[in-house]
Amino acid sequence: MNTRDFLGRVLGDTGHYCVFGLAPGGTKRIQKFYSSIDAALDSARASDANGLNAYFALATFEQDDRRPKDNAKQMRSLFLDLDCGPEKPFADQSEALAGLRGFCKELGLPKPLIVNSGRGLHVYWALKEPLTAAEWLPLAQGLKRACAANGFEADPDVTADAARILRVPGTHNYKSDTPIQVEVLAGGKAEAVAPEAFKTALNGYA
């Protein structure tokens with residue numbers, strides 16, 4: 001799956017798209033808004049070419065000058081951040097993948113998109129149609145509670161955060177001396193999920 005297809009599956013149809021570039025060590029931060037996914041992707045690629053960590057916002061936004069939750073317009077995915085490595089919840093990506101498979105089986109969740117973030121994993125369930133931030137939040141909170149109740153250690157600060165940014169596939173993680181490719185690992189053929197089906201799967205955690 002190429003990056004354009006990926007972004008088209010997990011982002012809303014209307015509103016402003018946000019790209020955030022971060023220099024290693026946080027010495028430089030650039031946040032910009034765009035009216036199309038293609039323009040946002042071009043910006044992310046330019047940031048990557050200049051040695052910046054490139055992130056995209058999971059929401060689209062009403063106004064094109066700020067990224068707080070109250071400016072979020074549409075959401076089109078549910079997502080998890082699985083941290084891997086020494087002193088992290090998962091020793092490595094293999095352990096995180098095994099935990100994810102067990103979690104999905106326990107809840108009857110469909111196959112997700114999985115992105116290698118360079119160290120950990122980002123997990124996405126694309127939705128069949130965009131939701132408003134208010135419609136999305138109960139589903140995201142249910143997913144967060146389901147993780148906690150089942151001992152699945154996804155980053156709790158990420159799952160229900162409508163202003164969240166995550167790494168752009170096709171760019172690089174510059175936290176290491178040798179940049180690591182950010183790429184879609186699995187789920188390219190995973191079908192988008194109806195919000196009601198996800199709500200049913202999370203019954204009891206809402």
Side-chain angles (χ1 to χ4, degrees), residues 1-13 15-61 64-67 72 74-85 88-90 92-94 96-97 100 111-127 130 154-155 157-159 161-190 192:
M1 172 180 287
N2 65 45
T3 304
R4 176 60 179 80
D5 290 344
F6 170 83
L7 294 176
R9 291 186 66 179
V10 303
L11 288 173
D13 297 331
H16 300 283
Y17 302 91
C18 180
V19 174
F20 188 88
L22 179 65
T27 56
K28 183 178 182 181
R29 298 166 182 253
I30 302 174
Q31 178 170 276
K32 294 184 177 180
F33 293 81
Y34 300 90
S35 60
S36 72
I37 291 177
D38 291 319
L41 178 55
D42 287 344
S43 176
R45 286 171 171 164
S47 291
D48 182 58
N50 288 320
L52 301 180
N53 293 284
Y55 300 84
F56 74 103
L58 274 296
T60 63
F61 296 92
D64 63 353
D65 60 351
R66 57 194 187 92
R67 192 173 48 85
Q74 286 188 337
M75 309 292 296
R76 199 176 191 150
S77 61
L78 293 160
F79 43 85
L80 301 174
D81 183 10
L82 309 182
D83 292 324
C84 304
K88 300 292 186 180
F90 302 96
D92 52 34
Q93 291 185 354
S94 294
L97 285 170
L100 176 63
K111 184 177 182 180
L113 286 159
I114 303 172
V115 171
N116 172 3
S117 67
R119 295 183 178 181
L121 299 174
H122 295 160
V123 180
Y124 300 84
W125 287 273
L127 300 174
D155 187 336
D157 293 331
V158 172
T159 311
D161 181 6
R164 179 59 47 174
I165 55 175
L166 292 175
R167 291 182 180 273
V168 180
T171 64
H172 295 82
N173 183 325
Y174 288 100
K175 285 185 176 179
S176 303
D177 291 337
T178 301
I180 303 172
Q181 183 82 32
V182 179
E183 57 185 344
V184 179
L185 289 181
K189 296 182 179 180

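For the numbers below, each heavy atom of this structure counts, side chains included, while hydrogens, waters and symmetry mates do not.
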Rounded to the nearest 0.5 Å, what's the gap from NZ on K88 to CG on D155? Could you check? 9.0 Å

Which heavy atom of S47 sits nearest a heavy atom of A54, and at what distance? CB-CB, 4.3 Å

F56 vs F6 aromatic rings, parallel, tilted or perpendicular, using cut-offs 30° and 60°? perpendicular

Decide side chain to side chain contact (heavy atoms under 4.5 Å, CB included) for N2 and D5; before the verdict, give the C-alpha distance in whole Å, the side-chain angles of both, and the deciding distance to 0.1 Å. CA-CA 6 Å; N2 65 45; D5 290 344; 3.2 Å; yes

Determine whether the side chains of D42 and Y34 contain a donor N or O and an acceptor N or O closer than 3.5 Å. no

List in chain and number order the residues that pass salt bridge (charged side-chain N to carboxylate O under 4.0 Å, His left out) with R4, two or more places apart in sequence or in another chain; answer none if no residue qualifies. D38

Does F61 have its ring centroid less than 6.0 Å away from the ring centroid of Y17? no

Over all heavy atoms of both residues, which pair between S117 and V182 is shortest? Give the atoms and the distance, please. O-CG2, 3.7 Å

Here the pair of heavy atoms bringing L80 nearest to A154 is CD2-CB, 3.9 Å

Are R76 and D13 close enough for a salt bridge, meaning some N to O gap below 4.0 Å? yes

Rounded to the nearest 0.5 Å, what's the gap from CG on L22 to CD on Q31? Could you check? 11.5 Å

Please give me the minimum heavy-atom distance between R9 and A126, naming the atom from each residue. O-CB, 3.5 Å

Can you name the salt bridge (charged side-chain N to carboxylate O under 4.0 Å, His left out) partners of R167, sequence neighbours left out? none

Do you know which two heavy atoms are closest between H172 and N53, and how far apart they sit? O-OD1, 3.7 Å

Would you tell me whether Q93 and N116 have side-chain atoms, one donor and one acceptor, within less than 3.5 Å of each other? yes

Atom CE in M75, atom CZ in R164: separation rounded to 0.5 Å? 10.5 Å

Which residues pass the side chain to side chain donor-acceptor pair (under 3.5 Å) test with E183, not counting sequence neighbours? none

Would you name the heavy atoms of A96 and L121 that are closest together and state the gap between them? CB-CD1, 3.8 Å

